[in-house]
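One structure is given below, encoded as structure tokens.
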Amino acid sequence: MSHKVLFVGIALSLLAACSAEDPPAAAPEPTTPALEAAGNAAPLDRGLEFGRVITGGKLFEQYCASCHGTRAEGDPGWQRRDAQGRFPPPPLDGTGHAWHHSRDVLKDVILNGTLAQGGGMPAWRGKLSDDEIDAIIDWIQSRWPEEVYRTWRQANPPQQ
């Protein structure tokens with residue numbers, strides 16, 4: 001019986017601490033993967049321009065997310081050809097093979113697509129500017145785990 005009394009007393013004390021005049025907790029701002037970088041120091045630590053990463057995320061959502069996923073997670077079966085004989089969209093979040101490629105190769109794939117290599121990605125040449133493609137690549141790289149980015153940077157040192 002004493003445990004029940006103690007529990008009820010604690011519960012009443014907690015309820016009394018909440019007054020009707022306390023403002024309700026603000027609902028968290030909705031977030032999209034494009035804006036998640038706002039709480040992530042990786043872009044700045046990697047020398048990526050924060051504004052360009054945000055822009056790249058918005059462009060990714062607009063042009064790429066319908067195939068590669070809103071978080072760049074890709075198709076789960078990306079390593080196996082589909083019924084049409086094409087490879088589904090790979091993950092771009094550091095779990096696929098995109099990080100094995102130089103920035104120039106990534107840009108070339110975006111510009112020219114992958115239809116000639118057995119993929120299903122359309123060419124974005126003439127639809128996305130060089131600056132937009134660079135921003136998308138920055139956003140993609142901001143999503144890579146630190147070890148993946150470090151390995152990529154060692155294989156692709158900045159050009160002087």
Side-chain angles (χ1 to χ4, degrees), residues 21-160:
E21 296 171 27
D22 288 339
E29 287 292 317
T31 185
T32 63
L35 301 178
E36 286 177 357
N40 181 355
L44 300 177
D45 293 346
R46 296 174 183 177
L48 302 174
E49 180 187 317
F50 184 74
R52 195 160 94 165
V53 170
I54 296 298
T55 298
K58 291 176 182 178
L59 290 165
F60 184 91
E61 283 180 351
Q62 184 177 354
Y63 295 101
C64 314
S66 62
C67 294
H68 288 281
T70 58
R71 299 183 187 288
E73 70 275 13
D75 186 288
W78 67 276
Q79 294 176 311
R80 294 180 306 280
R81 292 184 187 271
D82 63 17
Q84 291 78 37
R86 294 185 177 157
F87 287 104
L92 303 173
D93 60 3
T95 62
H97 61 75
W99 67 272
H100 291 105
H101 302 296
S102 69
R103 188 174 189 92
D104 288 341
V105 168
L106 295 174
K107 194 167 187 169
D108 183 68
V109 168
I110 295 169
L111 284 169
N112 298 308
T114 61
L115 296 175
Q117 292 82 29
M121 184 170 158
W124 292 100
R125 184 181 301 278
K127 298 175 183 100
L128 292 170
S129 71
D130 284 346
D131 286 343
E132 289 172 324
I133 291 170
D134 285 334
I136 290 169
I137 293 171
D138 282 358
W139 181 79
I140 290 168
Q141 289 182 323
S142 78
R143 308 210 35 92
W144 293 351
E146 185 58 37
E147 185 173 331
V148 168
Y149 184 81
R150 193 174 331 114
T151 301
W152 179 86
R153 177 52 66 208
Q154 288 171 349
N156 300 279
Q159 297 176 352
Q160 302 293 329

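Between the CD atom in Q141 and the CZ atom in R153 there is a gap of 7.0 Å [rounded to 0.5 Å]. We find the CD1-CZ distance between I136 and R52 to be 11.0 Å, quoted to the nearest 0.5 Å. Here the CG atom belonging to D131 is positioned 10.5 Å from the CG atom belonging to D138, to the nearest 0.5 angstrom. Considering CG of L128 and CD1 of I110, their distance stands at 8.0 Å, rounded to 0.5 Å. In this structure, CD1 in I140 is found 6.0 Å from SG in C64, a value given to the nearest 0.5 Å. Going from atom CD1 of I137 over to atom CG of L59 covers 12.0 Å, rounded to the nearest 0.5 Å.
Judged by distance alone, the side chain of T55 and the main-chain N or O of A135 form no donor-acceptor pair under 3.5 Å. When atom types are taken as modelled, the side chain of H68 and the backbone of P90 share a donor-acceptor pair closer than 3.5 angstrom. Put simply, the side chain of R103 never gets that close to the backbone of L106: no donor and acceptor are under 3.5 Å apart. Of the possible donor and acceptor atoms, none in the side chain of E61 sits under 3.5 Å from a partner among the backbone N and O of K58.
Ring-plane geometry between Y63 and W124 is classed as perpendicular, the angle between the planes exceeding 60 degrees on a 0 to 90 degree scale with a lower cut at 30.
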Legend entry - Derivation of the side chain to side chain contact (heavy atoms under 4.5 Å, CB included) call for F60 and L92: CA-CA 11 Å; F60 184 91; L92 303 173; 3.8 Å; yes
Inset, instruction - Any chance you could lay out the side chain to side chain contact (heavy atoms under 4.5 Å, CB included) test for W78 and H97, step after step, and finish with the verdict? - result: CA-CA 10 Å; W78 67 276; H97 61 75; 3.0 Å; yes
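With sequence neighbours excluded, the residues forming a ring pair (Phe, Tyr, Trp, His ring centres under 6.0 Å) with Y149 are W152, listed by chain and number. Here D93 pairs with A72, E73, P91, T95 under the side-chain contact (heavy atoms from CB on, under 4.5 Å) rule; sequence neighbours left out. Applying the side-chain hydrogen bond (donor to acceptor under 3.5 Å, both in side chains) criterion to N112, with sequence neighbours excluded, gives D108, R125.
Side-chain contact check for K107 versus S102: every heavy-atom pair is 4.5 Å or farther apart. Two residues are said to be in side-chain contact when any heavy atoms from C-beta on lie closer than 4.5 Å; M121 and L115 fail this criterion. Residues R81 and P88 have side chains not in contact (no heavy-atom distance under 4.5 Å, counting atoms from C-beta outward).
In plain terms, the two heavy atoms of S142 and W139 that are nearest each other are OG-O, 2.6 Å.
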